[in-house]
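Take a look at the structure set out below.
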Amino acid sequence: MTHTATTWLRTFAAAVLAAEPDLTALDQATGDGDFGANMAGALRLVQSDLDSLPPGAADGEVIAVAARVFLDKVGGTSGPLFGLLFQELAAAAGDGLTSDALATGAAKGLAAIQRVGEAEVGDKTLVDALSPAVDALRGCPDDLASAFAAAASAAESGAESTAGIRARRGRASYVGDHAVGVSDPGAVAVGLLFRAGA
Amino acid sequence: MTHTATTWLRTFAAAVLAAEPDLTALDQATGDGDFGANMAGALRLVQSDLDSLPPGAADGEVIAVAARVFLDKVGGTSGPLFGLLFQELAAAAGDGLTSDALATGAAKGLAAIQRVGEAEVGDKTLVDALSPAVDALRGCPDDLASAFAAAASAAESGAESTAGIRARRGRASYVGDHAVGVSDPGAVAVGLLFRAGA
Amino acid sequence: MSPYFAASPDSLVDDGLAGFALAHADLVHLIPDPGYVTAAAPSPGRVVALVSGGGAGHEPLHAGFVGAGMLDAACPGRIFASPHNRQIYEASRAVAGSGGVLHVVKNYTGDKINFGIAAERLQHDGIRCARVLVDDDLATDSADIAVGRRGTGATVVVEKLLGAAADQGLDLDALVALGERVAAGSRSLAVATAAHTSPATGSPAFALPAGQLEYGVGIHGERSGSTRPLTDPASLVADMADSLVIALGLIPGDRVITVVNGLGGTTPLELYGVHHHLAAALADHGVTAQRHLVDSVVTALDMRGFSLTLTRTDDDLTALWDAPARTAAWKA
Amino acid sequence: MSPYFAASPDSLVDDGLAGFALAHADLVHLIPDPGYVTAAAPSPGRVVALVSGGGAGHEPLHAGFVGAGMLDAACPGRIFASPHNRQIYEASRAVAGSGGVLHVVKNYTGDKINFGIAAERLQHDGIRCARVLVDDDLATDSADIAVGRRGTGATVVVEKLLGAAADQGLDLDALVALGERVAAGSRSLAVATAAHTSPATGSPAFALPAGQLEYGVGIHGERSGSTRPLTDPASLVADMADSLVIALGLIPGDRVITVVNGLGGTTPLELYGVHHHLAAALADHGVTAQRHLVDSVVTALDMRGFSLTLTRTDDDLTALWDAPARTAAWKA
Ligand SMILES: Nc1ncnc2c1ncn2[C@@H]1O[C@H](COP(=O)(O)OP(=O)(O)O)[C@@H](O)[C@H]1O
Ligand SMILES: Nc1ncnc2c1ncn2[C@@H]1O[C@H](COP(=O)(O)OP(=O)(O)O)[C@@H](O)[C@H]1O
Ligand SMILES: [Mg+2]
Ligand SMILES: [Mg+2]
Ligand SMILES: [Mg+2]
Ligand SMILES: [Mg+2]
């Protein structure tokens, strides 16, 4: 089942690299403009670490590659938070990434992110995308692709909903009304993550 | 005859203050952009020193006010050079500014400026305006207004001629072809000086 | 290509650090992987090491304040991005004293998280670790901002005073108490007339019409909540000083350390002019500016602006300010 | 209103000087009329006083280098305008030693004229006065430029080395000889990616398209004769270094002092990155960079650019470089 996780992460990496200018622009408008570069730099590292992974590695090992990169080599706010998410997804995936594993990993990842970052839904952070995705995954059919699709749709509308919000957490909280009308880049990236598996 | 020199200098001051943005723009394009502020600052000082001059002061004393301001309170390249010119004009004017005095003072001023600044005609400096003005004043009719007018026309066409030149002296020499097509601000100011008396 | 003299945003940081270490080889050592700087000749009397760090783009903060009398190590992240926890963890391990490590952390979510993970790892290794949070920015003192005030210009003051105290052999608890007192007694406000140039896009991070002032900016080039007409600097500085004096509850006779800090693209003439106006404004309040620093020390790349910091002081703190420090950028 | 934090271009200078004198009252005294700064604690061993000056807008030059070990007095003009002769004359009278006064003059027509008039007046008063002309700018080394090379970044090197030599009690002739040797052994080159903001208009002094480099700018914000595409900094710095090495006729084994100088709007990361590239380029030539300075010391308001200066050195000059100096801005 190596193929599943590898394809997912490579698709996610490609999506982030393609979206880097947009993510930069969103973080420029709502924060400090480093989110695009931070995620792109991380995913380039993930790509090259995946290259040197032995063929036949289990899904959990594959996702653990991303977890290690994000936790140990990527800073910013987004680096460790995505790292926590990947860490839980890797643990849940084990030998094979199933829709159940995705649901469990995402839920545990969300919990870890909230423990560390203390954001609630409505604070205009990636939690606004991840939390509805976790809800959508709960009790999802046993088909990984449709689980990803359901999570992606939920995350994307969660991300869209952040545009209307005046932020209370994250860097957008500093810029007041300037961030209203602009989506949170971290939430958008969470949408890309699930969409990459769909 | 106080009236003559005072009116002349006050008219010159007003002309420079009105032209300050243009002079700044010319020095911006050919040099370092400080000429307008330098001349305007100087002429504001001249105006206020003229205010406190006793009525009935001789033309030479009046012009000496300008000489003192420019020599002792104004820096840059233009400060001392205009100061030298006013110093010679003041000496020549004595009790009354005549066309002869203007011719003598301007010629001696030009000589002093060239001794100190070492510029020749064609170097794209105020010498390109002052030198033809001195020529025009030589053997001019004994009518101060028409002497001023002749000097002004000569200075103005001298100033215009500087636009075509690639500078060898002054700050315009540093910017190469960027200064071609732009008149030298010092030469333009010499035109204003004579025009103010015409 | 951006107007920065750098092949890429990453090499802006990497080449800058390499050149910094080369230029100040007598003061610092650079460990390029994972990326931190240590003092070549740390203070001998310390039992607790001081470590700080944060996104790059704020130079000379923090690496410029590594050396005897200030920091033992600094961890620079990428531009405006917190360092990752491994940088902090390894830097802290490298310099930890018998009494542990104190982290000086500017209050940003990313910095708190990454320093927090590093602290967990250090404690796991049996290394005592504590944190002083710097949160001086008055512009973000608002019920609408759940994350609290940002850490900005006061960071240098905290690093200087804690450094001098660490030199005296203070232990971790005493340093935490001192750091918290200094941080609590510090407030800053920053304004800008032009955004920094984004290294990612090569363009200004935001557009500000001529004659407008962004009041209450941070050090990451974010805009503030409030844009207002640019007034003459004397009254602008007086307004800012009023807010700081009120926020700190200063009364006549109180003493402060002042920092007039350039955000990057501001000229020394302007900063000294601001210092001149600030001195007048404080005198109006009867507050004594006992020590001062006028310099660009906590920058936001090439942003055109400045910040004012006031830190309450007393004889003890002033003595710590006056203690010697030997780092690349300490000049007061 | 311009983006400068100043009520007017004149108050940019006046308030800046007032604040500078206030911030560094232990180091300097300001005499506002006619406008000069003297060392509060001049070097005791001197018989000859060192005086420099020039247009404002180049801060910390020159006032930032007034103090023991460097200048005895500095005369700032208005923005980019030479000081007038009375400033120089009175400053020189105020500090003149038993062996006279040495003027350190950057090679500009206005500076030469104003310092020249002051020198005449001093000699008339019976005060010995001589001049060292700094003319290091390679970009203006051209048969088309009758006025000769501009004085730029090497000015700080000349001021430092002459200051240390004056401290040893050298007389006027010896200082002139030394100054001429240092100036002759110095060349600089400067580049910019963006013009300074004109304090007169509030707009950039010239427009440079993105991705373009002005190669060979001065310190008055003039553009250069040559605009070229901006390349990566390693090859840009290598090109610049090549030209300087050739101009000075340096051969393997020769030793230099290097200055990487920011023009105002350039970040410390960039300057240190340039220093890193310069070290590599000089190593390729077999030239030893024996001492260095990386700082914004000779600026052009907020211009985005940097200059490189190389000064030939030997044991004697290096010892002068290493001698102590106590001024507001000397950091090497
Ligand atoms: N407290 C938080 N909890 C969860 N996510 C957060 C929190 N704060 C910020 N984020 C997310 O981090 C993203 C920004 O990441 P990044 O640019 O790396 O951080 P920084 O704000 O430190 O520059 C935001 O778009 C937001 O989704
Ligand atoms: N050598 C010289 N002789 C005569 N006039 C000169 C000389 N050099 C410059 N000038 C004049 O000075 C003017 C510029 O004055 P100013 O802006 O005060 O000087 P700076 O070039 O030092 O900024 C030029 O327009 C030119 O007319
Ligand atoms: Mg960000
Ligand atoms: Mg000029
Ligand atoms: Mg950031
Ligand atoms: Mg000038």
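Quick note on labels: first sequence line is chain A, next is B, and so on, each numbered from 1.
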For C:A40 against C:A25, the heavy-atom pair lying closest together =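 Closest heavy-atom pair between C:A40 and C:A25: CB-O, 4.2 Å.
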Quick one: are [X] and [Y] in side-chain contact, heavy atoms under 4.5 Å?
{"X": "C:R304", "Y": "D:Y4", "value": "yes"}
{"X": "D:E214", "Y": "D:T193", "value": "no"}
{"X": "C:V287", "Y": "C:R255", "value": "no"}
{"X": "D:V259", "Y": "D:V156", "value": "no"}

Test: C:D14 and C:R78 ion pair at under 4.0 Å =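 Yes, this pair counts.
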Verify the distance criterion only: is there a donor paired with an acceptor across the side chains of [X] and [Y] at less than 3.5 Å?
{"X": "D:S52", "Y": "D:E159", "result": "yes"}
{"X": "C:T258", "Y": "C:H292", "result": "no"}
{"X": "D:T313", "Y": "D:Q290", "result": "no"}
{"X": "D:S235", "Y": "D:D232", "result": "yes"}

Who among D:V274, D:D15, D:V13 has the most heavy-atom pairs with chain C under 4.5 Å?
->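 Counting heavy-atom pairs under 4.5 Å, the top option is D:D15.
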For chain C, the option from D:L17, D:T267, D:V191 that forms the most heavy-atom pairs under 4.5 Å =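 That would be D:T267.
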Under 4.5 Å from a heavy atom of chain C, the part of [X] involved:
{"X": "D:A23", "answer": "both"}
{"X": "D:I79", "answer": "side chain"}
{"X": "D:L293", "answer": "neither"}
{"X": "D:S8", "answer": "neither"}
{"X": "D:L236", "answer": "side chain"}

Residues of residues 295-303 of chain D within contact distance of chain C, non-hydrogen under 4.5 Å =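 Residues of residues 295-303 of chain D touching chain C at under 4.5 Å: D:L301, D:D302.
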D:L27: partners by side-chain contact (heavy atoms from CB on, under 4.5 Å), with sequence neighbours left out =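 D:H24, D:R326, D:A328.
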Chain D interface, residue from [options] that has the most non-hydrogen pairs under 4.5 Å:
{"options": "C:A18, C:G265, C:G64, C:G264", "value": "C:A18"}
{"options": "C:S203, C:A329, C:G305, C:G273", "value": "C:G273"}
{"options": "C:Q212, C:H275, C:K331, C:E270", "value": "C:E270"}

Identify which part of C:S11 has an atom lying under 4.5 Å from any heavy atom of chain D, answering side chain, backbone, both or neither.
->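 Interface part for C:S11: neither.
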